[in-house]
Amino acid sequence: MLSSQPWTPIHAQIHRTLRQRRLLPKNQSILIAVSGGQDSLCLTKLLIDLQSKWQWKLAICHCDHRWRKDSEANANHVEKLAQNWQLPFYLQITNQELKSEAAAREWRYQALINIAQTHNYNYIVTGHTASDRAETLLYNLTRGSGADGLQSLTWQRSLTQKIQLIRPLLEITRPETAQFCADFQLPIWSDSTNEELKYKRNRIRLELIPYLKQNFNPQVEKALSQTAEILQAEVEFLENTAQEILQKATSNSPIPQINRSILRSTSLAIQRRVMRQFLQQNLGFAPSFEQIEKITALIRAPNRSCSDPFPGGAIAQVENDWIYLKRV
Ligand SMILES: Nc1ncnc2c1ncn2[C@@H]1O[C@H](COP(=O)(O)OP(=O)(O)OP(=O)(O)O)[C@@H](O)[C@H]1O
């Protein structure tokens, strides 16, 4: 496999991050998701250069959403790069019309998982950067997310029991990946839809972030990304604590029930999280803020109080020390 050093500060940083965070252990099989854009090319080059230290088995996967006229040319471009790098290449082409960004994303992750499962890759890596993290944080902030949405883009997430999604570039900004690609003359395929202002995410990147940089903080991407990093550890702690309390406060009974006096001894932050987990477990979907508030209010409500119905028809009802989730 080609690896034309030199070793740059970004190489050193990624090597250190991978070691400290134990993101991609030695000898593992890794599927790199490559769009052809600057971030995923930077990621691929870095992993190739670090490969001799980690003994990974690397491969490239490209997903063709068939959204743009040049999508086939884009796929061919990535295939050529894979050949030059002497890496196995997998192409996934959609056979359905993907109507939204969300649909495209869902299809893409499933396509990546299918390739990873078929060819035994335990890790899928993407080129998400600190800039993506900052943009996702801002986007979720405008939608009213709590800390969970603001931790935006974690270093690692399970896609299936066997496959982990890893994002090694979360400390590197997009201007840095652009510079890296220029330094190593990596041939970036530019995606024209990235410039379209009808997409909110693009407006955050092209209008809001430059405004914040100019008027508030030139390092705003790093600053927001740091906020996401702090929140990530806090969310993990709160979720684990809530899970422990949920276990103590519930019992195995045919009608789901949760104990009010145990919940009363915890803080509102934990009560909300416990209730979210309780509803999710028993209703089978992620509850909204209003639905969580409705059931949380019952922790201190008078006996026999009840909520109006949740989607699906269940209601929550207080009986002495318990809240029951009853199907009516
Ligand atoms: N067509 C593609 N084929 C393979 N990988 C892709 C493709 N598009 C994006 N990726 C991977 O996903 C990363 C993020 O891309 P981008 O920011 O464009 O997607 P996104 O939809 O905003 O991200 P996500 O939905 O995954 O959070 C890229 O760096 C790359 O690793």
Side-chain angles (χ1 to χ4, degrees), residues 14 23-24 30-48 58-68 70-79 81-82 87-94 98-116 121 123-140 145 149 151-157 159 163-174 176-178 180-181 186 188-196 199-206 209 221 225 228:
I14 295 299
L23 293 176
L24 294 170
I30 300 171
L31 189 62
I32 314 171
V34 178
S35 61
Q38 61 183 56
D39 302 335
S40 50
L41 290 196
C42 171
L43 172 68
T44 311
K45 165 81 177 139
L46 283 166
L47 293 183
I48 290 172
L58 300 175
I60 285 178
C61 182
H62 177 79
C63 305
D64 182 352
H65 305 105
R66 298 175 72 183
W67 253 1
R68 287 175 279 126
D70 66 350
S71 79
E72 198 180 335
N74 184 349
N76 292 338
H77 177 76
V78 177
E79 180 168 17
L81 280 170
L87 294 180
F89 174 74
Y90 304 99
L91 174 63
Q92 291 278 283
I93 306 175
T94 182
L98 301 167
K99 293 213 168 89
S100 65
E101 275 192 284
R105 180 174 303 139
E106 200 172 307
W107 170 77
R108 184 167 73 236
Y109 278 107
Q110 197 49 55
L112 288 165
I113 291 170
N114 291 346
I115 293 290
Y121 293 92
Y123 293 88
I124 294 173
V125 293
T126 58
H128 289 99
T129 59
S131 308
D132 290 306
R133 211 178 193 189
E135 290 155 17
T136 308
L137 185 151
L138 286 173
Y139 180 65
N140 288 343
S145 279
Q151 66 171 331
S152 67
L153 300 184
T154 50
W155 289 92
Q156 145 167 42
R157 168 161 86 82
L159 292 175
I163 302 173
Q164 294 289 314
L165 172 69
I166 307 287
R167 300 177 173 118
L169 298 189
L170 283 186
E171 277 164 352
I172 313 280
T173 62
R174 201 171 291 125
E176 286 173 321
T177 62
F180 185 93
C181 290
L186 302 178
I188 299 167
W189 190 275
S190 56
D191 175 349
S192 48
T193 57
N194 283 344
E195 305 305 317
E196 285 177 20
Y199 299 117
K200 285 192 186 131
R201 297 292 289 263
N202 288 354
R203 291 208 298 277
I204 291 179
R205 196 179 70 250
L206 299 171
I209 296 266
E221 287 158 298
S225 175

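In each ligand, atom 1 is the first atom listed, and ligand 1 is the first ligand listed. FYI, side chains are in, hydrogens and waters are out, and symmetry mates aren't considered; it's all heavy atoms of this structure.
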How far is [atom] from its nearest protein heavy atom, and which residue and atom name does that atom have?
atom: atom 28 (C) of ligand 1; value: G127 N, 3.9 Å
atom: atom 14 (C) of ligand 1; value: H128 NE2, 3.3 Å
atom: atom 30 (C) of ligand 1; value: A33 O, 3.2 Å

How about CD on E101, more than 12 heavy atoms from neighbouring residues, nucleotides or ligands closer than 6.0 Å, or not?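 Counting neighbours around CD of E101, more than 12 heavy atoms of other residues, nucleotides or ligands fall under 6.0 Å, so yes.
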Heavy-atom count check: over 12 atoms from other residues, nucleotides or ligands less than 6.0 Å from E106 CD? no
Indicate the atoms forming the closest heavy-atom contact of A82 with F89, along with that distance. CB-CB, 3.8 Å
Please work out which of the three classes, parallel, tilted or perpendicular, describes the rings of Y121 and Y90, given edges at 30° and 60°. perpendicular
Look up atom 1 (N) of ligand 1 and tell me if a protein heavy atom lies less than 4.0 Å from it?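 It does: a protein heavy atom is found less than 4.0 Å away from atom 1 (N) of ligand 1.
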If we count only non-hydrogen protein atoms and require a distance under 4.0 Å, does atom 18 (O) of ligand 1 qualify as touching the protein? no
Should Q92 be listed as contacting ligand 1, given a heavy-atom distance under 4.0 Å as the test?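 Contact absent.
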So the atoms of ligand 1 within less than 4.0 Å of a heavy atom of C61 turn out to be 4 (C)
Under 4.0 Å to a heavy atom of Y109 - the qualifying atoms of ligand 1, by number: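 In order of numbering, the contacting atoms are 24 (P), 26 (O).
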Are L81 and T44 side-chain neighbours, meaning at least one heavy-atom pair lies under 4.5 Å?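 They are not in contact (no side-chain heavy atoms under 4.5 Å apart), so the answer is no.
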Heavy-atom nearest neighbour of atom 21 (O) of ligand 1 within options R108, E101, E135: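 Checking each option, the heavy atom nearest atom 21 (O) of ligand 1 is found in R108.
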